[in-house]
S.K.: 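Sending over a structure as structure tokens; questions will come in a sec.
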Amino acid sequence: MVDKTGMIGADAIRARFARAMSEMYRQEVPQYGALTELVARVNARVLQDDPALKARLEAIGALARLDVERHGAIRLGTAAELATMRRLFAVMGMAPVGYYDLSVAGIPVHSTAFRPVDEAALGRNPFRVFTSLLRLDLIADVALRAEAERILAARRIFTPGVLALIGQWEGEGGLGDAEADLFVREALETFRWHREATVSAATYRRLHDAHRLIADVVCFKGPHINHLTPRTLDIDAAQAEMPLYGMRAKEVIEGPPRRACPILLRQTSFAALEEPILFLGEGSAGEDGCHTARFGEIEQRGMALTPKGRALYDRLLRVARDDGPEDVPYGARLEAAFARFPDTEDELRGQELAYFRYDLTDGASLPPGLSAEAPIGDLVRLGVVVATPMTYEDFLPVSAAGIFRSNLGGLGGADYAASADRTGFEAALGAEVLDECALYAALQDRSVADVRRCLRDAAAA
Ligand code: OOG
Ligand code: NI
């Protein structure tokens, strides 16, 4: 954890931060604590009932990360906030991966996910934060837009302490043990909930009427963490148990249906809490109000899909949403549409719909007559190589829109011209976002190259 120069590694800082964030959110939103208990219980039961799954997760080192695995979400107001957030997450080994345009779904933000990228880092702690930037350019009311810009320009969401530590990390390439702890404490302040709004009730109302999301981003001191999501091994069971814990889950689980070979990501949430806030008084005393922003969510992760698999997923999801008979419930339409998505690992691999990691089978050697350069599928079929599906580490824009919508209530009406602006997002970020498919493909290619090298070495020996 501490290297020979006394520096703490990024993975360790991220793990400390994720733990501190979880602790803070548990204090702020007790239902989150209940949700993590529910998920821990469901996961323990799944592992007990399915020893093969347990062995497989253990073998690929995926069991250790499960208990600590969380993703969170924040919404930022300005380009400068996003650029500094990128530098803050870099200290924890988290890079921006993917571009998500939510304007198509009537939500005036675009987003990326900050997350660790390499396999070892993901294995240690895959903490990720879905980070959205408000798009004031989509607000038609010019005066309101100017007012929001003015309010946002005046706030400082980072403490002087964290800015100094980020600068130190950039200059020296690391932080010592005590500095890492200080960094975690100072960074956490940015994500804390503040019940004092920075605006009057009248201003809040105006922004809220333009779009609830605008009020949530503009009227507070900082980008409060709005949910923290544990990962479950059986989202249907967890969803069914949510009412027992006093939570009302959203009606449909976002993403693909339940399958023998889980793909991508399935998510569900419980509605945002109504929380008391205090508006800035026009005179002295502030006026009481309430705000809904923070909620709970659970996720189940499946295989990462190739662009070909993803295209099929997107097409079938559209079929289920748009073309299904009206009188058939959405869940049944989804099942029907996805009957056309292959559901065995052999098919998914053979048709190059999902990414796999290839490893030499224990003690295996090359059968006579076969070269180390033989098609990887042949090596798998002959038992020389074992293929393990890669976990999807990212998000889904249609699902994210569903999660946003279920927590902003009354979103209807917002109708923006679809206008992805990746270039604008990257300019604000001060960097390009990484392409998630390129990351999975590189990992897959590297595992194939490693397998072939080992086979060649063994044949030469
Ligand atoms: C983010 C909603 C998206 C997910 O898991 O897809 C999300 C937000 O509400 O800020 O968290
Ligand atoms: Ni989420």
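Numbers here simply count residues along the sequence, with the first being 1. Whatever order the structure lists them in is the order used to number ligands and atoms, beginning at 1. Since this is a predicted model, take the numbers as computed values, not measurements.
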S.K.: Would you mind finding which of Glu254, Arg75, His227 brings a heavy atom closest to atom 9 (O) of ligand 1?
M.R.: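 It is Arg75 whose heavy atom sits nearest to atom 9 (O) of ligand 1.
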S.K.: Main chain of Phe130, side chain of Arg115: is a donor-acceptor contact present, judged purely on distance under 3.5 Å?
M.R.: no
S.K.: Could you see which bit of Ala73 sits under 4.0 Å from ligand 1, with heavy atoms only: side chain, backbone, both or neither?
M.R.: side chain
S.K.: Does some non-hydrogen atom of His71 fall short of 4.0 Å from ligand 1?
M.R.: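 A heavy atom of His71 does come that close to ligand 1.
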S.K.: Does Glu58 have more than 12 heavy atoms from other residues, nucleotides or ligands lying within 6.0 Å of its CD?
M.R.: yes
S.K.: Specify side chain, backbone, both or neither for Asn226, according to which of its non-hydrogen atoms lie closer than 4.0 Å to ligand 1.
M.R.: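 It is the side chain that gets close, since no backbone atom is under 4.0 Å.
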S.K.: Among all protein heavy atoms, pick out the one at the shortest distance from atom 3 (C) of ligand 1; state its residue, atom name and that distance to 0.1 Å.
M.R.: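 Scanning the protein heavy atoms, the shortest distance from atom 3 (C) of ligand 1 goes to Ala400 CB, 3.7 Å.
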S.K.: Between Gln267 and ligand 1, which residue portion shows a heavy-atom distance shorter than 4.0 Å: side chain, backbone, both, or neither?
M.R.: side chain
S.K.: Suppose I only count heavy atoms of Phe404 and a 4.0 Å limit; which atoms of ligand 1 are within that range?
M.R.: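 Ligand 1 atoms under the 4.0 Å threshold to Phe404: 1 (C), 2 (C), 8 (C), 9 (O), 10 (O).
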S.K.: Does His208 have its ring centroid less than 6.0 Å away from the ring centroid of His291?
M.R.: no
S.K.: Would the number of heavy atoms belonging to other residues, nucleotides or ligands and lying under 6.0 Å from CD of Glu432 be above 12?
M.R.: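 At most 12 heavy atoms, drawn from other residues, nucleotides or ligands, come within 6.0 Å of this atom.
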S.K.: Taking N or O atoms only and a 3.5 Å limit, does Ser132 qualify as a polar contact for ligand 1?
M.R.: no
S.K.: Can you spot which of Arg155, Arg75, Arg156 makes a salt bridge (Lys or Arg N to Asp or Glu O under 4.0 Å) with Glu81?
M.R.: Arg155
S.K.: Are Phe425 and Tyr99 close enough that their ring centres sit under 6.0 Å apart?
M.R.: yes
S.K.: By number and element, which atoms of ligand 1 are closer than 4.0 Å to a non-hydrogen atom of Phe395?
M.R.: 4 (C), 5 (O), 6 (O)
S.K.: Considering the heavy atoms of Glu297, write down every atom of ligand 1 situated less than 4.0 Å from one of them.
M.R.: 4 (C), 5 (O)
S.K.: Could you check which N/O/S atom of Glu297 is closest to the Ni ion (ligand 2)?
M.R.: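 Sorting the N, O and S atoms of Glu297 by distance to the Ni ion (ligand 2) puts OE1 first.
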S.K.: Inspect the contact between Glu186 and Arg192 and indicate whether a charged nitrogen and a carboxylate oxygen are less than 4.0 angstrom apart.
M.R.: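 Salt bridge: no.
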S.K.: Got a sec: does the NZ of Lys221 have more than 12 other heavy atoms crowding it under 6.0 Å?
M.R.: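 More than 12 within 6.0 Å, yes.
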